[in-house]
Amino acid sequence: MLRQQDVGHRIVVRRIVGIRGGRPLFSDALGELVELSETHITLATDAGPLRVPVGEVHRAKRVPPARRPTAAAVVDLEVAADEAWPAPVRGRLGDWRLRSAAGWTGRANSALPIGDPDRPLPAALDAVQHWYADRGQPALVNTPLPLAAPVGAELDARGWTSRPPVLVQTVPLAALTAPDADVAPERPVTLADAPADDWLAVAADRKGGLPAEARHVLTAVARVRFAELRVDGRLLAVGRGTVTGEGRWFGVSLLEVLPEARRQGFAAAVVRALAGWAAAEGASRAFLQVEQRNVGAVALYRRLGFTTHHTYLTRVAP
């Protein structure tokens, strides 16, 4: 059967749709798992959303993606994502990228092993550990899959552990700029080229603090906007948008709605406002990164049209 870790992935569900001659009749459904609860499985199929009661499920399992992205496509997106979340301290091992931001977020404090490290793999991983040790930090490696599967195998042999899987999701930008009933039109979203103090306070609360290095990560992008949705002057929803990857990719990050303001379409309004700005900048596709276990966020992004392009694991040295 399925687990919460399967949310956001392609699945097949065989369900019981009737009885004939004392024998059950089955029907199969294929799509992306949107929600898994104690009572229902919800998946997005080519024919639209399908909600299946658990009592009707005979068998359900994850299946491979319809088509895996090429290595070049994964590299292109990972480079755009790296540019959208720029660590203040950086190094290189051949094509590999080394990043440090005083420990603020895994993405900004990990090696990104894409391309050729210009040395044998064991020596490259030794050099990664030395680079982080010189900075007094634990060594982390982000492994985009399946591209970095050989790196992952070597890390397994060395006893490295893994943080929860992260989904890298994409959608054509045009899908985010179309009108949508989920958006609250009476709640205008303001876009600023620098974050306000209360915007930063929301980010700090979510990320457990905001050191100086974090401000660099947030603001050191040539094309960036900070979205604010306020009601009666009070900030209720925020988001950050970037345009990177030679102007092709619109990145969404730090999307947050205060608990008392959720389920009112504010998150969708923030994303669409940022998407409109990115479209005017010439971007054509959108991406985001979300932990697979964050079921609520995965479901929201699925409703906005995002699908999983690839995944990555953050590997942690023993």
Side-chain angles (χ1 to χ4, degrees), residues 1-20 23-71 73-74 77-78 81 142-149 152-153 156 161-172 175-176 180-182 252 255 262-263 267-268 271 285-315:
M1 287 296 289
L2 301 171
R3 300 175 298 168
Q4 290 296 336
Q5 293 93 322
D6 297 313
V7 172
H9 290 270
R10 194 163 178 255
I11 65 166
V12 62
V13 176
R14 172 159 290 186
R15 57 183 176 137
I16 302 170
V17 294
I19 303 291
R20 180 181 296 168
R23 299 170 64 89
L25 300 176
F26 299 107
S27 176
D28 292 341
L30 182 67
E32 185 173 323
L33 180 60
V34 173
E35 185 178 13
L36 179 64
S37 72
E38 294 181 358
T39 59
H40 287 82
I41 292 174
T42 304
L43 62 161
T45 72
D46 290 341
L50 177 64
R51 194 164 185 255
V52 182
V54 170
E56 295 180 5
V57 176
H58 175 67
R59 184 179 297 123
K61 64 179 182 179
R62 190 194 296 192
V63 296
R67 187 179 71 177
R68 286 182 173 179
T70 65
V74 173
L77 182 46
E78 286 291 330
N142 271 13
T143 54
L145 300 174
L147 178 68
D156 288 340
T161 57
S162 298
R163 291 181 178 175
V166 173
L167 309 179
V168 182
Q169 301 195 315
T170 63
V171 68
L176 297 180
D180 190 281
D182 287 340
V252 181
L255 181 65
R262 291 172 184 167
R263 300 187 183 278
V271 171
R285 292 191 64 80
F287 79 91
L288 53 81
Q289 297 163 313
V290 57
E291 280 196 2
Q292 181 176 275
R293 64 183 178 181
N294 191 345
V295 179
V298 171
L300 165 66
Y301 299 140
R302 184 63 186 83
R303 290 195 298 272
L304 291 173
F306 283 90
T307 58
T308 299
H309 184 271
H310 65 277
T311 63
Y312 74 76
L313 294 175
T314 299
R315 306 299 303 269

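Note that the structure is a prediction, hence the values are computed from the model and not measured.
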Exercise. If you measure from OG on Ser37 to CZ on Arg51, what distance do you get to the nearest 0.5 Å?
Worked result: 6.5 Å
For this session: Answer yes or no: is there a side-chain heavy-atom contact under 4.5 Å between Val52 and Leu43?
Result: yes
Exercise. Between Leu300 and Leu255, does a side-chain contact (heavy atoms from CB on, under 4.5 Å) hold up when you go through it step by step?
Worked result: CA-CA 11 Å; Leu300 165 66; Leu255 181 65; 4.1 Å; yes
Exercise. Which pair of non-hydrogen atoms, one from Leu33 and one from Arg3, has the smallest distance, and what is that distance?
Worked result: CD2-O, 4.5 Å
Exercise. Side chains of Ile41 and Ile11: closer than 4.5 Å at any heavy-atom pair?
Worked result: yes
Exercise. Looking only at heavy atoms, what is the nearest atom pair of His40 and Val54, with distance?
Worked result: N-CG2, 3.5 Å
Exercise. What distance do Leu167 atom CG and Arg302 atom CZ have between them, rounded to the nearest 0.5 Å?
Worked result: 12.5 Å
Problem set entry | Non-hydrogen side-chain atoms of His310 and Glu78 separated by less than 4.5 Å | yes
Seminar exercise, completed: Of all heavy-atom pairs linking Pro24 and Ile19, the shortest is CA-CD1, 3.6 Å
Problem set entry | Euclidean distance, Gln292 CD relative to Leu313 CG, rounded to 0.5 Å | 9.0 Å
For this session: Assert yes or no for the condition that the ring centre distance of His309 to Phe287 is strictly below 6.0 Å.
Result: no
For this session: Nearest 0.5 Å please: distance from the OG1 atom of Thr314 over to the CG atom of Asn142.
Result: 3.5 Å
Problem set entry | All side-chain contact (heavy atoms from CB on, under 4.5 Å) counterparts of Ala175, not counting sequence neighbours | Val171
Exercise. Closest approach of Arg62 and Leu2, non-hydrogen atoms and distance?
Worked result: N-CD2, 3.9 Å
Problem set entry | Distance in Å, Asp156 CG paired with Arg315 CZ, rounded so as to fall on 0.5 Å steps | 4.5 Å
Problem set entry | Donor on one side chain, acceptor on other, Arg285 and Thr170, under 3.5 Å | yes
For this session: For the pair Arg10 (side chain) and Pro64 (backbone), establish whether a donor and an acceptor sit closer than 3.5 Å, ignoring hydrogens and angles.
Result: yes
Problem set entry | Distance in Å, Leu25 CG paired with Ile16 CD1, rounded so as to fall on 0.5 Å steps | 9.5 Å
Exercise. Side chain to side chain donor-acceptor pair (under 3.5 Å) with Arg262: which residues, sequence neighbours excluded?
Worked result: Glu256
Problem set entry | Ring geometry between Phe306 and Tyr301 (parallel below 30°, tilted from 30 to 60°, perpendicular above 60°) | perpendicular
